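Report on one structure; see the data block that follows.
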Amino acid sequence: MPAVDGRAHNTVMSEPRESFTDEEYAFLRYVRFGELPPAVRPEDRVALTETDPRRDRPEPAGDPEEWSLRHVAG
């Protein structure tokens, strides 16, 4: 392996040997995801309002006081 700053450097793993063209990337996206749906026209767009609780975090479990006691810096 070649040395970089006195350390071994694995150029084979860190640098791609070849790069795809935009057309090749477009083909690979098409193969993986299929045809995209038509774009939404600006006049058909609407503002959305979140009414459901957030789904990116789990619901808190247990009593809030118990939770506070467990996470007190000691």
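Positions are given from 1 along the sequence. Note that the structure is a prediction, hence the values are computed from the model and not measured.
When the salt bridge (Lys or Arg N to Asp or Glu O under 4.0 Å) test is applied to Asp22, no partner is found at least two apart in sequence or on another chain. Residues satisfying the side-chain contact (heavy atoms from CB on, under 4.5 Å) criterion with Arg41, sequence neighbours excluded, are Glu43, Asp44.
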Would you give me the side-chain donor-acceptor pairs under 3.5 Å for residues 23-32, sequence neighbours excluded?
unit_1	atom_1	unit_2	atom_2	d
Glu23	OE1	Thr21	OG1	3.4
Glu24	OE1	Thr21	N	2.8
Glu24	OE1	Thr21	OG1	3.4

